[in-house]
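Step one of this worksheet: look at the structure below.
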Amino acid sequence: MIVKPQLAKLGLFDAKVPRYTSYPTAPHFSNDVDSDKFGAWISGIRPNSAISLYIHVPFCRRLCWFCACRTQGTQTDNPVIAYVDVLKAELDLLAARLPKGVTLSRLHWGGGTPTLLKPELMRDLAARIQETVPLGRGAEFSVEIDPNEIDEARLDTLAEAGMNRASIGIQDFDEEIQKTIGRIQGYDTTRRAVDMIRARGISSLNADILFGLPNQSKSRMTESVQKLLSLSPDRVALYGYAHVPWMAKRQQMIPSDALPTPEQRLDLFETARRLFLWDGYAEIGIDHFATKDDGLTRAQRAGRLKRNFQGYTDDDAPVLIGLGASSISRFPQGYAQNAAATSAYIKAIRAERFSTARGHVFKGRDILRARMIEALMCDFQIDSTEILRDHDVTSSELIQMYDAVNAEFDGLLNVSDAGLVIPPEARALTRMIARKFDAYDLSKAGHSSAI
């Protein structure tokens, strides 16, 4: 068992590393990808294939101080109504280039707060999506739901549109912590939202909870996790709070002296982790937990777990298209990101062109390194047989890479001709190990604590 002094020696408590929801990571995107290239990549999608679609709604009734997402506050519906009109125009641009017969394997509405849309706006947007690229057989339609911003009418609309998975952000149930992070959301409010969701036959429920928040302690974490478990979520994301006030200005409202130390963050994570495991959840990757029959658990058992901008997924679609301001798309050829500023995004779409502002074209050994990093993040191992089969690399090159990484971690990893394995006792180091396979400049901003 690795103890804290050994983890400290290896740099766990000091390192700043990417979350690796993509490779290369977004800070490495450039202007090499524009709207023309994005449109060409869409046209190159295989006819009659399945893709994923992400819709970004960057509006909230209130701005939570802890959040570093691309969002803006609004107390009126006027900007939201205008934005949905632009989303529909962007869907028209997509429809004009999308090959015939393409369907959706996954549809996700995120933000921001997509549930601040009025029922008629939800209905209108869902109908336009269905006209452009319909849900395929067995498709998953998930929506991020704010318990403070949901009611019966909006849930009825979403259920009628085909939503079959709901995702609720909880962060922490402790009232003092909620006040400190600017996110007031009582347990009763959350319980009511969950009951309404379940009452509509939506059996799949995701929940997000954070560790590393100001004033968190092991006892408070225990209480919040136990309350969360009483809601019986099917899938839980246990994310580490990233305090980056130089990037997310609203985080300056959070007192940095109330934040736990890196060592305390590890204790908080382990406290929550043990509770989820004791309650029968399967451990998925570095920070997810799921019930035994959840899609993530099945994917992990089958060796087909993936990682994308929403975290872990069982989606096998080769293409993910992101619509809305700041959304990122992934194609076999690379990444494309829309303009981050809502105003710039709207201006481009109204000019009848995609708002692609930056991205990355895969080159060199990007795809090889991306797969190795994803394999570590999902399975804690790299299978040499798979890598040699799918990529242009020799067995001796792989062994050299494995040995070089293992040497930097005091030989803690298991290396053989079969591959590289991170043993359970070293899994806290997973993101740091993955970083060693990253060929890009790691001084780029945007990385968070390794724990």
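This chain uses plain numbering: 1 for the first residue, then up along the sequence.
Side-chain N/O atoms of R220 and N215 include no donor and acceptor closer than 3.5 Å. Using modelled atom types and a 3.5 Å distance limit, the side chains of E90 and Y345 yield a donor-acceptor pair. For the 3.5 Å distance criterion, the side chains of H360 and D366 qualify, holding a donor opposite an acceptor.
F362 and P24 get closest at one heavy-atom pair: CE2-CD, 4.3 Å. Scanning all heavy atoms of the two residues, the minimum distance from I168 to A193 falls at CD1-CB, 4.4 Å. Of all non-hydrogen atoms in C67 and A248, the two that sit nearest each other are O-CB, 4.1 Å. Between R183 and G169, the shortest heavy-atom contact is NH2-O, 3.0 Å. Nearest heavy atom pair, residue G322 against residue S329, reads N-OG, 2.8 Å. Between I451 and F13, the shortest heavy-atom contact is CG2-CD2, 4.2 Å.
Applying the salt bridge (Lys or Arg N to Asp or Glu O under 4.0 Å) test to every pair with at least one member in residues 336-364, sequence neighbours left out, gives no pairs at all. Counting only residues at least two apart or in different chains, salt bridge (Lys or Arg N to Asp or Glu O under 4.0 Å) contacts with residues 298-311 comprise R304-D316. Legend: salt bridge (Lys or Arg N to Asp or Glu O under 4.0 Å) pairs involving residues 30-43, not counting sequence neighbours: none detected.
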Exercise for review: Decide yes or no on salt bridge (charged side-chain N to carboxylate O under 4.0 Å, His left out) for E270 and R273, but give the supporting numbers first.
Suggested key: CA-CA 5 Å; E270 287 296 333; R273 173 181 174 271; 3.3 Å; yes

Exercise for review: List the steps and the verdict of salt bridge (charged side-chain N to carboxylate O under 4.0 Å, His left out) for R128 and E131.
Suggested key: CA-CA 5 Å; R128 184 62 63 90; E131 292 170 7; 3.7 Å; yes

Exercise for review: Test T71 against R250 for side-chain contact (heavy atoms from CB on, under 4.5 Å), laying out the working first.
Suggested key: CA-CA 11 Å; T71 59; R250 71 190 76 162; 3.0 Å; yes

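When atom types are taken as modelled, the side chain of T297 and the backbone of D293 share no donor-acceptor pair closer than 3.5 angstrom. In terms of modelled atom types and a separation under 3.5 Å, the side chain of T25 and the main chain of T21 share no donor-acceptor contact. With hydrogens and angles disregarded, no donor-acceptor distance shorter than 3.5 Å links the side chain of N338 to the backbone of S355. In terms of modelled atom types and a separation under 3.5 Å, the side chain of Y335 and the main chain of Y23 share a donor-acceptor contact. Put simply, the side chain of N164 gets close to the backbone of F141: a donor and an acceptor are under 3.5 Å apart. A distance-only check finds a donor-acceptor pair linking the side chain of T430 to the backbone of R427 [under 3.5 Å]. Put simply, the side chain of R431 gets close to the backbone of V17: a donor and an acceptor are under 3.5 Å apart.
The side chain to side chain contact (heavy atoms under 4.5 Å, CB included) with R106 is formed by just one residue from the set I51, D314, L320; it is D314. For the ring-ring contact (aromatic ring centres under 6.0 Å, His included) test with F211, the passing option among Y241, Y239, F269 is F269; the others fail. Paired with L231 under the rule side chain to side chain contact (heavy atoms under 4.5 Å, CB included), one option of D195, V236, V194, I197 passes, and it is V194.
Taking the six-membered ring for Trp and the full ring otherwise, the centers of F276 and F289 sit less than 6.0 Å from each other. Taking the six-membered ring for Trp and the full ring otherwise, F309 and Y54 have centroids separated by 6.0 Å or more.
Open room surrounds CD on E175; 12 or fewer heavy atoms of other groups in view lie less than 6.0 Å from it. More than 12 heavy atoms of other residues, nucleotides or ligands sit less than 6.0 Å from atom CZ of R191.
Remark: P260 pairs with Q264, R265, L268 by the side chain to side chain contact (heavy atoms under 4.5 Å, CB included) rule, at least two apart or across chains. Under the side-chain hydrogen bond (donor to acceptor under 3.5 Å, both in side chains) criterion, Q72 pairs with T342, not counting sequence neighbours. The side-chain hydrogen bond (donor to acceptor under 3.5 Å, both in side chains) check on D234 picks up R198, with sequence neighbours excluded. Every side-chain hydrogen bond (donor to acceptor under 3.5 Å, both in side chains) that E144 has, sequence neighbours left out, goes to H108. A search for side chain to side chain contact (heavy atoms under 4.5 Å, CB included) contacts involving T76 returns T74, N78, P79, not counting sequence neighbours. In this structure, Y20 has no ring pair (Phe, Tyr, Trp, His ring centres under 6.0 Å) partners at least two apart in sequence or on a different chain. E149 meets the side chain to side chain contact (heavy atoms under 4.5 Å, CB included) test with R61, T113, T115, L116, D146, R154; sequence neighbours excluded. Residues passing the side chain to side chain contact (heavy atoms under 4.5 Å, CB included) test with A344, sequence neighbours excluded: A339, A341. Listed by chain and residue number, nothing satisfies the side-chain hydrogen bond (donor to acceptor under 3.5 Å, both in side chains) test with Q178 (two or more places apart in sequence, or in another chain).
Here CE of M196 is found 10.5 Å from CD1 of I202. Values are rounded to the nearest 0.5 Å. Expressed to the nearest 0.5 Å, how far OG of S217 lies from CD1 of I177 amounts to 6.5 Å. If you take CD on Q185 and CG on D172, they are separated by 10.5 Å, rounding to the nearest 0.5 Å. Note that OH of Y83 and CG of D77 are 15.0 Å apart. Values are rounded to the nearest 0.5 Å. To the nearest 0.5 Å, atom CG of residue L296 and atom OG1 of residue T313 are 7.0 Å apart. Here the CD1-CG distance, from I422 to D379, works out to 10.0 Å after rounding to the nearest 0.5 Å.
Ion pairing between a basic and an acidic side chain is recognised when a charged N comes within 4.0 Å of a carboxylate O; E374 and R371 show such pairing.
Counting heavy atoms from C-beta outward, R369 and D438 have side chains that stay 4.5 Å or more apart. Between N148 and R62 there is a side-chain heavy-atom pair separated by less than 4.5 Å. For the pair I42 and F331, the minimum side-chain heavy-atom distance is below 4.5 Å. At least one side-chain heavy atom of P332 sits less than 4.5 Å from a side-chain heavy atom of V319. Between L275 and L228 the shortest side-chain heavy-atom distance does not fall below 4.5 Å. No side-chain heavy atom of V225 sits under 4.5 Å from any side-chain heavy atom of F173. I181 places a side-chain heavy atom less than 4.5 Å from the side chain of P214. A 4.5 Å side-chain heavy-atom check between P255 and T180 finds at least one atom pair inside the cut-off.
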